[in-house]
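First the structure, in the form of structure tokens, and then the observations on it.
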Amino acid sequence: MALEAMAATECISHTVELVMEVVSEVNNVFVEKECFSELASYLNRLVPLLKELNKKHISNSEKILVEILNKQVRVAKQLTTECSKKNKVYLLISCRSITKRIQDITREISKALHLIPFSQLEISSNMMQELGQLCESMQSAEFKTAIADEMILEKIESGIQERNVDRSYANNLLVSIAQILGISTERSTLKKEFEDFKNEIENAQLRKDQAEAIQMDQIIALLERADATCSDEEKARKYLTKRSSLGNQPLEPLQSFYCPITREVMVDPVETSSGHTFERSAIEKWLSDGSTSCPLTMIPLDNLTLRPNRTLKQSIEEWKDRNTMITIASIKSKLVKPLSENKEEEVISCLEQIQNLCEEREIHREWIVLENYIPTLVELLSGKNREIRTRTLVLLSILSKDSDDAKDRISRVNGVIECVVRSLGRRIAEGKLAVELLLELSRNEGLRNRIGNVQGCILLLVTMSNNEDTQAAINAHKLLDSLSSSDQNVIQMAKANYFTHLLHRLSSGSEEVKMSMVTTLAEMEFTDHSKSSLFEKGALGPLLDLVSHGNPRMKETAAKALCNLSTLQRNSTQMITQGSVTPLVNLLYNHTSSHSLQDEVASIIMHLATSTMSQNSENTPVSLFQSDEAIDSLFAFIPCTRPLVQECLLHAIYAMCHSPLASTVKSKLRQNSDNEQALVVLCDNENPKVRANAVKLFCCLTEDGEEKEITDRMGQQLIETLIKIIKSSNDIEEIASALGIISNLTESTQLTESLVKAEGLPVISSRLQTQNGPHKKHVIENAVGSLCHFTNPTNKESQKKVAESGLIPLLVQFLEVGTGVTKRKASISLAHLSKNSMELTRPIPKAGLFRCFSPQLESRCPVHQGMCEVEVNFCLVEANAVAPLVTLLGDSDSDVCEASLDALLTLIEAERLTYGCKVLGDANAIPQIIKLLNSNNSNLQEKVLNELERVFRLVEFKQKYGNLAHMPLVDLTQRGNSRTKSLAARILGQLNVLHDQSSYF
């Protein structure tokens, strides 16, 4: 309906509707939202007035005034519609004019309202007051362009005015525009928005004046410098078209380009009031020196104002650009791979010239790229000249910086990344430039993917990240961060001992990514340093979480990774102290855990237990379990599980038995007789590794002297099992342990008979010839210790078998060449044998008629006074054991001394005192025995004192050795215990040093 044909009430109603539409559409405008909101608030206040007016009778003359108001509201409606539909960039560029239009509309509406005679229409006083305030506010309202919008316009004007054609300026400007307008900064989105902007301008130019059209063209030219607004192909086409029109020779500068003062081409020409142009810095110095006349004419200047000569400045810059384009094109042909030293110098000079051009202006860098320099430069990287390579790396970094086109061109050159990576591995100066270039190239997704795929690249970067050159190290870290977008690169980093990104993914990646990372940790071969580094950087928490709460496959793989890392003692100790044992044991006992998971968990527990074996005595001992019940539970689980788990858990308990808390662990295991029986059964297990570990543990439980009788309860079955192992096992450590169990058994007639019954002697004696190996010492020690059961004095038949087997000479040999334990055990066996020597000695036949056939005197044993043979009566003298036994009296191990002493003392037992002492005297044993009085072993001292009392009954020995014993005996009377003091005093009485009736001691 035409406005003229409307009744007054319809016109007012229509105006109200328009106002509501404007208020609603204000929410959709793209620019100057605050200004539009203020306009909407005024219009909202207008609605009650119009509705009140609509209730009154309106004359035709008053209707005309309402129509004027309606017209202005329609203008406001048109503006809000435009600002919510037109191109956003176009609206931003036009925001000043939009703001002015809003202000004009507001004031025009105020004027229209003021014209309507509300006072004559009987409007209430409150309404009239509101009307007056509204009209006054609208009339005085001042609308200002938003600060952010104003800043954008100022940047545009500055770029146009200063002819700032740098691509980075245009890029930053376009991004700022996009951010203000809420537009995505993706290249495709920006390009579309810019194309819409140009179309909007083309449509608007039909309605704009010439000056405004020129301004829009300048804005387009400025924004076209941005990468997003123009395709690389378009830029290349424009550049080549322009460059081909310039010719090949640089032009000399025009005379007007020179400053009359400096005689050099001007950079910032300014004009004085005389109309002449000078370089700004030169004329400013002229004036600052006090001159007020024109330097050319010397005529006084009307004023000292300097005006930029923009036209001349533009001409100079166009001339420079033309010559620079020609120079860039001409240099390229000289940058070929050098063939001679002179050629190399020329190439270096050209590279230096190009670098200088790059550093002068960004547009020069773009021209160099468009001139297709990049393939030529990449080719230079493969040359032998270091300076050429380093300058080339610098140039490529400059060209690729903030230039997608340059990066795309680099990506199209075959082998470019490989060339740069080769430089990465050269000297630090060249490597530093290479990592800087790679860092810039990594901003291109395609190049970033290729960088990580070059063999050795990531390893070189990780090495450089630890370089002493701080900047090189920082750039290497940044590049590694960039490459970490690829899971495969992260894995390669981990294999180069750079775990930062792997651990991050392990904690926060998707299930698939976590699986990939944990698989890497499970399959890698780590150095101790790498294992330590992983735990220091927090690998334990995520891995333990995955083991406890992951899916079945994840649990197994994470457990394998933990198993891998727990082989380092420091890591295992950390796992124990941070509470890892309980969740691991729970997984082990859980019937839903897979066999593979149980195997890995058992291995981890074994590693944790092993770590407790060698702890610093200064620190509080770390225990695998916090309660004794946990030890029992673990041992009880062993018979119920599979061989691999059994093997690991037996080894774990064995390790605990060698920890600082070993006595507690052993005591707990011994308390439960079921443990003993289970261990015996495991010692006969068909799996050789399980059996070996069970035997080792059993040996450990018997070796410290506490409750050794536990093995005595096991009977013939255990003995036969052990002999079978000694005979047939290929595991030397297992053999040593089985021999150790027998060696540790309490000596008894029953045990000796059981060993003989099991035919143990030949089996055990065969192990005395064990070849060299890591466990040879323990095999021989325990084998010799086991022989003590066969030399038990209560079983002469068994002793005879030992002698007939030729073992006595071997025992004597061990007195000289064995370890301390071997010497002690050999001495004990020889002592056992010697105890029965007297009884088994054959008497010398009385002389008969044929004296010449009677035994010679030399065949009489000096101790036993009969006919002795080693294999018959086990005589120590005949076995040549006396001298080595005497030597052992001086051994640093008191236990060895005591054992050898016991063996020697068998020679002076009972009636053999006189003869035996003579043999000991001849072997110089008495002085060695006396020296034992200085031992710290009170039992040994007491034993020596008892025997010296007997020896000194013989006057000859009392006189010969009494003085030697004097001081040690006196010392014992002062520092010995009550028993040794008394014995020492008694002997001193024998030696007439003290009264033999003295009771002081």
Side-chain angles (χ1 to χ4, degrees), residues 739 742-743 747 752 755 760-761 764-765 767-769 780-841 861-864 866 868-891 893-910 912 915-917 919-920 922-926 928-929 932 940 943-944 947:
L739 288 166
I742 295 175
S743 177
E747 291 185 19
T752 302
L755 286 168
L761 181 61
I764 293 171
S765 61
R767 291 302 179 182
L768 292 171
Q769 307 297 330
I780 292 178
E781 285 177 351
N782 293 334
V784 173
S786 298
L787 289 180
C788 293
H789 296 294
F790 293 95
T791 60
N792 190 316
T794 62
N795 194 323
K796 296 186 183 65
E797 287 302 317
S798 174
Q799 285 187 328
K800 185 175 181 182
K801 289 182 178 180
V802 170
E804 290 173 350
S805 299
L807 293 176
I808 294 178
L810 196 56
L811 290 172
V812 174
Q813 181 182 337
F814 284 133
L815 294 177
E816 298 179 292
V817 298
T819 65
V821 174
T822 303
K823 291 174 181 177
R824 179 170 64 85
K825 295 288 187 178
S827 297
I828 292 171
S829 285
L830 290 171
H832 286 170
L833 292 165
S834 182
K835 285 182 181 297
N836 288 324
S837 293
M838 188 65 196
E839 184 181 341
L840 297 174
T841 301
C861 173
V863 174
H864 303 111
C868 290
E869 294 180 40
V870 174
E871 293 183 2
V872 176
N873 72 333
F874 333 129
C875 177
L876 295 182
V877 178
E878 284 297 313
N880 296 318
V882 175
L885 285 169
V886 171
T887 301
L888 292 182
L889 292 175
D891 197 275
D893 186 337
S894 63
D895 289 339
V896 174
C897 296
E898 186 172 2
S900 63
L901 177 65
D902 288 341
L904 290 170
L905 294 181
T906 61
L907 299 178
I908 60 173
E909 286 181 349
R912 298 193 293 279
Y915 299 116
C917 282
V919 170
L920 294 181
D922 293 344
N924 200 30
I926 305 300
Q928 295 298 324
I929 292 173
L932 294 178
L940 179 58
K943 188 175 291 186
V944 171
E947 296 308 317

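With contacts defined as side-chain heavy-atom distances shorter than 4.5 Å, the pair V896/S827 does not qualify. With contacts defined as side-chain heavy-atom distances shorter than 4.5 Å, the pair D902/I828 does not qualify. L807 places a side-chain heavy atom less than 4.5 Å from the side chain of L810. Within the 4.5 Å cutoff, the side chain of H864 has no heavy atoms near those of the L840 side chain. In this structure, R824 and D893 have side chains that are not in contact, with every pair of non-hydrogen atoms separated by 4.5 Å or more.
Atoms NZ and CG, from K800 and N836 in turn, are 13.0 Å apart once rounded to the nearest 0.5 Å. Separation of atoms CD (E781) and OG (S743) is listed at 9.0 Å; rounding is to 0.5 Å. One finds the CE atom of M838 at 11.5 Å from the CD atom of E909 (value rounded to the nearest 0.5 Å). Once rounded to the nearest 0.5 Å, the distance linking CD1 of I926 with SG of C917 reads 5.5 Å. Atom CG of residue D895 and atom NZ of residue K825 lie 10.0 Å apart, to the nearest 0.5 angstrom.
Residue V944 comes nearest to I929 through the heavy atom pair CG1-O, 3.4 Å, listed as atom of the first residue, atom of the second, then distance. Counting all heavy atoms, side chain and backbone alike, V863 lies closest to G916 at CG2-CA, 4.3 Å. Annotation for R912 and T906: closest pair NH2-O, 2.9 Å, computed over non-hydrogen atoms. Pairing each heavy atom of T752 with each of S798, the nearest pair is CG2-OG, 3.8 Å. Of all heavy-atom pairs between R767 and I780, the closest is O-CG1, 4.5 Å.
The backbone N or O of L761 lies less than 3.5 Å from a partner atom in the side chain of S765, making a donor-acceptor pair. Side-chain atoms of S829 never come within 3.5 Å of backbone atoms of A826 as a donor-acceptor pair (strictly under, hydrogens ignored).
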Per-pair distances, 0.1 Å, donor-acceptor, side chain in residues 782-793, under 3.5 Å, sequence neighbours excluded:
{"unit_1": "N782", "atom_1": "ND2", "unit_2": "A736", "atom_2": "O", "d": "2.8"}
{"unit_1": "N782", "atom_1": "ND2", "unit_2": "H778", "atom_2": "O", "d": "3.2"}
{"unit_1": "S786", "atom_1": "OG", "unit_2": "L739", "atom_2": "O", "d": "3.1"}
{"unit_1": "S786", "atom_1": "OG", "unit_2": "N782", "atom_2": "O", "d": "2.7"}
{"unit_1": "H789", "atom_1": "NE2", "unit_2": "I742", "atom_2": "O", "d": "2.6"}
{"unit_1": "T791", "atom_1": "OG1", "unit_2": "L787", "atom_2": "O", "d": "3.4"}
{"unit_1": "T791", "atom_1": "OG1", "unit_2": "C788", "atom_2": "O", "d": "3.1"}
{"unit_1": "T791", "atom_1": "OG1", "unit_2": "H832", "atom_2": "ND1", "d": "3.1"}
{"unit_1": "N792", "atom_1": "OD1", "unit_2": "T794", "atom_2": "N", "d": "2.9"}
{"unit_1": "N792", "atom_1": "OD1", "unit_2": "T794", "atom_2": "OG1", "d": "2.7"}

For residues 871-884, please give each side-chain donor-acceptor pair under 3.5 Å, one per line with the distance, not counting sequence neighbours.
{"unit_1": "N873", "atom_1": "OD1", "unit_2": "E869", "atom_2": "N", "d": "3.1"}
{"unit_1": "N873", "atom_1": "ND2", "unit_2": "S837", "atom_2": "O", "d": "3.4"}
{"unit_1": "N873", "atom_1": "ND2", "unit_2": "T841", "atom_2": "OG1", "d": "2.8"}

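Under the side chain to side chain donor-acceptor pair (under 3.5 Å) criterion, E947 pairs with R950, sequence neighbours left out.
Looking at L904, L901, L907 one by one, the single match for side chain to side chain contact (heavy atoms under 4.5 Å, CB included) with L885 turns out to be L904.
Look at K801 and E804 and you find no salt bridge, because none of the NZ, NE, NH1 or NH2 atoms lies under 4.0 Å from a carboxylate O.
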